[in-house]
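Just so you know, ligand 1 is whichever comes first in the structure, and atom 1 is the first atom listed for that ligand.
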Amino acid sequence: MSVVAKKDLNITINGKAFTAPEGTVILEACKLSGFEVTNLCYNRKLKPFAACRTCMVEVTENGKKQLVYSCTHPVSEGAAIRISTEETDRYNQACLEMLLVEHPLDCPICDKSGVCPLQDNTEMLELQKNRFEIQRRNEPSLKSNPLIEFYLNRCILCGLCVRACDEIQGVQALDFHKRGMKSAIGTANDEPLDCEFCGQCITVCPTGALNDLSSEARGLAALFKQTETTCNFCSWGCTLQLETKKGDVIRIVADEGYDVGINEGNLCAKGRFGHGMIQNEQRIKTPLMNYGGTF
Ligand code: SF4
Ligand code: SF4
Ligand code: SF4
Ligand code: FES
């Protein structure tokens with residue numbers, strides 16, 4: 001099988017010259033060149049979806065200037081991209097304001113606080129107040145299984161969990177339900193979640209709508225110490241991040257960064273949720289021999 005290398009295309013971002021591989025979407029090209037574009041529904045491992053509409057940029061191609069969603073529009077030779085212009089900021093701010101109409105903003109008690117893309121985007125766009133009438137949801141927290149909590153009041157319907165479950169895991173345990181203001185993600189017929197419990201949906205969620213119950217009430221994630229290490233549950237050796245607080249392992253996450261580990265930020269149920277055994281009092285700490293049924 002022959003592999004065809006992708007051509008590098010010449011582009012400019014805010015007047016500076018860069019190159020980006022052919023087929024790269026503008027948002028990714030900006031990221032690779034050191035520019036952050038606001039976004040809430042993009043993940044480089046998933047197909048573009050354009051749900052949040054907060055990633056608008058200006059691009060001039062073949063003399064034609066237009067505003068495009070940077071998560072879906074691929075770079076082209078000679079494209080002149082401008083990000084964070086007055087016009088794109090105004091558009092992206094308005095879309096973010098609409099997402100925040102329903103969002104509870106309970107950051108002080110949210111698992112995501114400090115590592116929350118929704119917070120970061122609000123900060124990047126310097127959003128000070130919302131011009132729209134606030135209509136908070138009042139859905140109960142769903143704990144239909146011991147590992148993943150659904151707290152849909154914080155969901156912004158970005159679809160990342162649905163797509164990760166389908167495109168990465170091939171499980172399709174989640175989907176969109178209902179229409180309009182009642183739209184929500186969930187399981188078929190609202191059955192209790194019955195899946196592989198890989199936790200990828202938690203990883204990709206840009207809000208605190210999906211929470212890891214194995215580390216419930218653990219405190220502010222932004223204050224945890226992160227240590228990159230290798231999972232020792234099996235011989236694959238996935239790369240993971242152990243998060244510790246005062247020396248205790250609180251949570252396991254995976255690094256979605258480029259070229260980090262063979263697992264590219266994905267974990268299985270044991271790797272992600274199995275950290276309880278590390279500090280378990282009954283854990284065997286020395287070798288034992290079995291003498292007729294007793295150790
Ligand atoms: S999801 Fe983010 S913005 Fe929303 S309450 Fe949690 S920390 Fe705050
Ligand atoms: S834990 Fe994995 S399999 Fe289960 S819903 Fe989330 S992404 Fe799908
Ligand atoms: S639960 Fe999270 S990932 Fe899923 S649609 Fe809502 S905000 Fe997006
Ligand atoms: S990141 Fe482009 S529309 Fe959401």
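Counting atoms of ligand 1 from 1 in the listed order, those under 4.0 Å from a heavy atom of H103 are 1 (S), 3 (S), 4 (Fe), 5 (S). Those atoms of ligand 3 that come under 4.0 Å of a heavy atom in C155, given as number and element, are 1 (S), 5 (S), 6 (Fe), 7 (S). Each of the atoms 3 (S), 5 (S), 7 (S), 8 (Fe) of ligand 2 lies under 4.0 Å from some heavy atom of C165. Annotation for ligand 2: atoms under 4.0 Å from non-hydrogen atoms of G199 are 1 (S), 2 (Fe). Within ligand 1, counting atoms from 1 as listed, the ones closer than 4.0 Å to a heavy atom of D106 are 5 (S). For ligand 2 and F197, the ligand atoms under 4.0 Å from any heavy atom of the residue are 1 (S), 4 (Fe). In summary, the atoms of ligand 3 found under 4.0 Å from a heavy atom of I156, numbered by their order in the structure, are 6 (Fe), 7 (S). Residue C116 approaches ligand 1 through these ligand atoms, each under 4.0 Å from one of its heavy atoms: 1 (S), 2 (Fe), 3 (S), 7 (S). Atoms of ligand 1 lying under 4.0 Å from at least one heavy atom of S113, given by number and element, are 7 (S). Taking every heavy atom of E196 and a limit of under 4.0 angstrom, the matching atoms of ligand 2 come to 3 (S). Taking every heavy atom of A209 and a limit of under 4.0 angstrom, the matching atoms of ligand 3 come to 1 (S). Listed by atom number, the atoms of ligand 3 under 4.0 Å from C161 heavy atoms are 1 (S), 3 (S), 4 (Fe), 5 (S). Interface atoms of ligand 1 facing G208, defined by a heavy-atom separation under 4.0 Å, are 1 (S). Every atom of ligand 1 with a heavy atom of T207 under 4.0 Å away is listed here by number and element: 1 (S).
The closest side-chain donor-acceptor pair between E58 and Q66, if any, does not fall under 3.5 angstrom. Side-chain contact check for H275 and S214: at least one donor-acceptor pair (N or O, by modelled atom type) lies under 3.5 Å. A side-chain donor from one of S113 and Q119 sits under 3.5 Å from a side-chain acceptor of the other. In the model, S141 has a side-chain atom that pairs as donor or acceptor with a side-chain atom of E149 under 3.5 Å. Judged purely by distance below 3.5 Å, without hydrogens or angles, the side chains of E61 and S76 pair a donor atom with an acceptor atom. Under the 3.5 Å distance criterion, with hydrogens and angles disregarded, a donor-acceptor pair is assigned to the side chains of D166 and Q172.
Of the candidates A51, C41, G159, G159 brings a heavy atom nearest to atom 5 (S) of ligand 3. The closest non-hydrogen atom to atom 8 (Fe) of ligand 1, taken over C110, A222, C205, C107, comes from C107.
The shortest contact between atom 4 (Fe) of ligand 2 and any protein heavy atom is with C195 SG, 2.2 Å. With respect to atom 2 (Fe) of ligand 2, the closest heavy atom belonging to the protein is C198 SG, 2.3 Å. Closest to atom 6 (Fe) of ligand 2, if we only count protein heavy atoms, is C201 SG, 2.3 Å.
Among Q200, E167, E256, the single residue meeting the side chain to side chain donor-acceptor pair (under 3.5 Å) criterion with K45 is E256.
Heavy atoms of L157 found under 4.0 angstrom from ligand 3 belong exclusively to the backbone. Contacts between I148 and ligand 2, counted as non-hydrogen atom pairs separated by less than 4.0 Å, involve the side chain only.
For Y69 and F49, the gap between ring centers reaches or exceeds 6.0 Å.
The two residues C161 and I185 have their closest heavy-atom pair at SG-CD1, 3.8 Å. Summarising the geometry of E133 relative to V101, their closest heavy-atom pair is O-CG1, 3.4 Å, with the distance given to 0.1 Å. The minimum heavy-atom distance between L210 and C201, with the atom names listed, is CD1-O, 3.5 Å.
Between M124 and T54, every side-chain heavy-atom pair lies at or beyond the 4.5 Å cut-off.
Proximity of L210 to ligand 3 is established by a heavy-atom distance of less than 4.0 Å.
Annotation: the span from M56 atom CE to N39 atom CG amounts to 14.0 Å, rounded to 0.5 Å.
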